[in-house]
> 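The structure is given below, and queries will be raised subsequently.
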Amino acid sequence: MNFVAPDFMPVLPELFVLILACVVLIVDVFLEQRQRHITYGLAQLTLLGAALLTLLTYAQAPVTTMFGHYIKDAMGDLLKLFICLTTAVGFLYSRDYLRRCGLFKGEFFVLGLFGVLGMMVMVSANSLLSVYLGLELLSLSLYALVAIDRDSPVSSEAAMKYFVLGSLASGMLLYGISMIYGATGSVDLQVVADATARQGANNLVLVFGLVFLVVGLAFKLGAVPFHMWLPDVYQGAPTAVTLYIGSAPKLAAFALVMRVLVEGLGALQSDWQQMLIILSVLSIVLGNLVAVVQTNIKRMLAYSTISHVGFLLLGIVAGTPEGYAAAMFYAIVYVLMAVGAFGLILILGHNGFEVENIEDFKGLNDRNAWLAFLMMIIMMSMTGVPFMAGFYAKWVVLQAVVNVGLVWLAILGVVFSVIGAFYYLRVVKCIYFDKLEQATPVDLSLDTEIAISANGLLLVVLGLYPTALMAWCAMALPS
Amino acid sequence: MLSELPLLSLVIWFPVLGGVAVLFVGDENPGRAKALALTVAILSLLISIPLYTSFDPTTAAMQFQEFIPWIPTFNVNYHLGVDGFSMPLILLTTFMTVLVVIAGWEVVKYRIAQYMAAFLIMQGFMIGVFAAMDAILFYVFFEAMLIPMFLIIGIWGGPRRVYATIKFFLYTFLGSVFMLIALIYMYNQAGGFEILDFHKLPLSLTEQVLIFFAFVVGFAVKVPMWPVHTWLPDAHVEAPTGGSVILAAITLKIGGYGFLRFALPITPDAASMLDWLIITMSLIAVIYIGLVALVQQDMKKLIAYSSIAHMGFVTLGFFIVFSIYRHTGSLSGAVMGVEGGMVQMVSHGFISGALFLCVGVLYDRVHSRQIKDYGGVANTMPIFAAFMVLFGMANAGLPGTSGFIGEFLVILSSFKASFWIAFLAAISLILGAAYTLWLIKRVIFGDIGNSHVAELQDVSRREILMLSLLAAAVLLLGVWPDPLTSVMHVSVDNLLQHVTVSKL
């Protein structure tokens, strides 16, 4: 058998990120602390370059390479584009925070870039092996990132917890993969799909493997009852890292579910649908209820993430192309909101003061009316109030769910989003209704201001005109 | 030329954009912000007038229609149009907003630009609710409206404003989400979100009952009907004067309008089957809430409860039609019920708005809403006392004022359905007179209660302007309701023709 070099063209963006991440790593070693902005600039260049490359090579028809382990298709490219862009924006929001906290180090950016690479591999995985590789690359970067402030006991504890539980989940996933390999004789998702279609749900080993897979995926998504790590990690990690964990990885996790469950194990839909219903109902209920009593904003947003994941899963539960498109739209909009929310938390801090509690938003309207307005938009969008993108995200998911006759799920979803409204409103309450004794103005650099304004306004624009993104999502998905 | 302008879009978006412009002028220039806000409000009123003058009262079809595809994936359209039900309510909205801007002129000190902008944006959204012909568009405006009102109560409200405004938001939000599910369900059958298509959609009785309940939950909270009314007294008491005026005058009407536009025509069989439920709830609102109003110590709370009682007449008038049709087999009595309800809505908009403005006038001077802190106001504020007595009389339903027409029509039509319903509804006239006149007696007449009252200054020219505009409206509608009833007549007929035909 001859060795044939695989076609490297479809993985151009990934190669670009890989090479530049290594370059950043090396260059950073030779830089002094005051020159660290070069690292930052290179990291941004990497992300924007990767986004540009993805856009330029946007897939018209799916192409597989790397001996079938890798697929470049429209869904992957769309998600990669958003992964790169949101991470770039996240780095921008984080810059001043990292400087303040003494964390403005090359490691942050290098680990972040390797994490992005992991996400891109996950998004384009066409076999269970590359799924696992991508996931581990991302996870290892995240474990290290959470612990990047190594003198902080809270961060170390969060990192430890994340690492132990994350490894457990990876183990579950790997165990599930091995069973599926045993039942179908391949890790290639297309082969797995064909084999499961032939064998159907009667093969006990296959279903058993599916259970482990779903557990592993649920852990990475943070769906109840596998959510234990999420609030502690969100709260314990430095806020810049929380932003990173809370944004782009959700897109990758969505892609993971799509690749493994829908493309690979689509024949077992009736099995995983039931499991996802349980996961999503529990996530929506628990996430919303527990978020109500939180006082720490990061912890509150962690529980809110859990409830959003539940909503996102509802779209996949529907099991129709419409539902998948809805879930994808939801994921993208959610990431935009999460980046904005955590970004504002970062921006509002200044020397010797970081936003930790919901109370810290008090009097923001008097400090900076524009930022107050943006935060209100993000909160209202998370609530799902119209003229904000969050409403359309919820609406299309509900529409997909009602379409397949699961009206009770839709009713449950909306009732709990009303409960969810309470804690988002509490943030708005602090911003607008509570007065501050002395209002210190917020100082922010011009590029940050432009980015956060665009971020917030994009939610309104998507709310007024959701058609384009919705159609893009629908087109990107294989029907 | 007028017919070519997208008049409805203008009426919706001009105030919204005007509000944004006011925000940009900012709180640094309160004078300019106020002047701009007033200009925008007056221009909006002027823009809305052609809706009345060019309105064709001989057709029930939608007029001034605009149609642009909005979200083609789900066949959602930016479809606007008005008929005899929505057009008067749009005019009411533009009219009341001018008054609210005037009312806040000197009184609001904190962040005046944001205050004015919130009301202007709110105005645009409320008109959007009335003009939307697409269910999702309706829903979008219906929900979006919550944000400005949430901020208005929360920022400029009284001491318990946070509790009141969160309660307000959550109540209305909870009510409306069920409606969203119902709309999505109907979309699956109709293939679009056009409200008029929903009217024609055949639905089984079970479906109708469930959809009907979804609508009732949504709109009953807005109206508000007993037993989901408890947010209203809190919201009214804590809201700034302008917020109370808009809440009472316009947002409550959106609930009533929703019944006419959605619940009745989309689910006529369910409405006919369950009309006893709504009628009972209305009668409880009319009588029980009337009694509750009687014992209130707080002026704003008293007027808030009186609003609930008066809105009970509206829902009674709308849902009595089935009973009349079953009894008499003709629609003539039923027409009176719906028209009575509509007149009551518009008239209540004027009267409750006026009463809240009156309370605001007193509050600005004495900083108390407690009835016991007043007494003998007529001695120091004779002009104001005249206005307040007039509005009090109108609230009690005195003939010659607009309050009389609506209640009279509803009671008259109730007689055709059942003597006892009419009897119970008529009790409210006594109750209404009792709590309103007692309020007037304790606040306006008698000896001067305390030193605060003794130092009161009578109303300024600004206050006279806004109160006399309302007084003119109340009296005009009271003696000559024809301009209002004539535009809605055909629409009412059309609605009744529609709802009395079973969809089964």
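For clarity, every value in this text was computed on a predicted model and none was experimentally measured. Numbered from 1 within each chain, the chains take letters A, B, ... in sequence-line order.
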> Do B:F74 and A:V396 have side-chain heavy atoms sitting under 4.5 Å apart?
yes

> Of the backbone (N, CA, C, O) and the side chain (C-beta and beyond), which part of A:S417 lies under 4.5 Å from a heavy atom of chain B, both, or neither?
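Interface part for A:S417: backbone (N, CA, C, O).
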
> Does the side chain of A:K429 come within less than 4.5 Å of B:I155's, by heavy atoms?
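Sidechains of A:K429 and B:I155: no contact.
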
> Looking at B:Y110, does the NZ or CZ of A:K435 lie under 6.0 angstrom from its six-membered ring centre and within 45 degrees of the ring axis?
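Yes, cation above the ring, under 6.0 Å and within 45°.
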
> Any side-chain heavy-atom pair from A:W395 and B:Y139 closer than 4.5 angstrom?
no

> Does any part of the side chain of B:Y187, heavy atoms only, come nearer than 4.5 Å to the side chain of A:V402, both counted from C-beta?
no

> Taking the six-membered ring for Trp, is the centroid-to-centroid distance between A:F422 and B:F169 below 6.0 Å?
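Here the rings of B:F169 and A:F422 have centres that are no less than 6.0 Å from each other.
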
> Tell me, yes or no, whether the heavy-atom count around A:E359 atom CD, taken from other residues, nucleotides or ligands under 6.0 Å, exceeds 12.
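Counting other residues, nucleotides and ligands, CD of A:E359 stays at 12 neighbours or fewer.
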
> Can you tell me if CZ on B:F24 sees more than 12 non-hydrogen neighbours from other groups inside 6.0 Å?
no

> Assess, by modelled atom type and distance only, whether the side chains of B:Q114 and A:N365 contain a donor and an acceptor separated by less than 3.5 Å.
yes

> Does A:L425 reach the side chain of B:F173, with side-chain heavy atoms less than 4.5 Å apart?
no

> Counting only non-hydrogen atoms closer than 4.5 Å, does B:L170 touch chain A with its backbone (N, CA, C, O), its side chain (CB onward), both, or neither?
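Both parts, heavy atoms under 4.5 Å.
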
> Using every non-hydrogen atom in the two residues, find where A:V385 and B:A144 come nearest and quote the distance to one decimal.
CG1-CA, 4.3 Å

> Looking at side-chain heavy atoms only, is the closest gap between A:V414 and B:I181 below 4.5 Å?
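Yes, their side chains come closer than 4.5 Å.
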
> So for B:T165, is it side chain, backbone, both, or neither that comes closer than 4.5 Å to the heavy atoms of chain A?
side chain

> Below 4.5 Å from any heavy atom of chain A, which atoms of B:L183 appear? Answer side chain, backbone, both or neither.
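Neither part; nothing is under 4.5 Å.
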
> Measure distances from A:A421 to the heavy atoms of chain B and classify the residue's part below 4.5 Å as side chain, backbone, both or neither.
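Both parts, heavy atoms under 4.5 Å.
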
> Between B:F193, B:Y185, B:W156, B:F142, which has the largest tally of heavy atom pairs under 4.5 Å with chain A?
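Top count of heavy-atom pairs under 4.5 Å with chain A: B:F193.
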
> Counting only heavy atoms closer than 4.5 Å, note whether A:Y392 contacts chain B via side chain, backbone, both or neither.
side chain

> Just by modelled atom types, is the A:T467 backbone N or O under 3.5 Å from a matching donor or acceptor in the B:T73 side chain?
no

> Mark yes or no for whether B:R161, through its side chain, and A:F433, through its backbone, hold a donor-acceptor pair below 3.5 Å.
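Yes.
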
> Of the backbone (N, CA, C, O) and the side chain (C-beta and beyond), which part of B:W70 lies under 4.5 Å from a heavy atom of chain A, both, or neither?
both

> Heavy-atom distance under 4.5 Å between the side chains of B:L180 and A:K394, does that happen here?
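No; the side chains remain at least 4.5 Å from each other.
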
> Run the ring-centre check on B:F150 versus A:Y432 and record whether the distance is less than 6.0 Å.
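Distance test on ring centres: not under 6.0 Å, no.
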
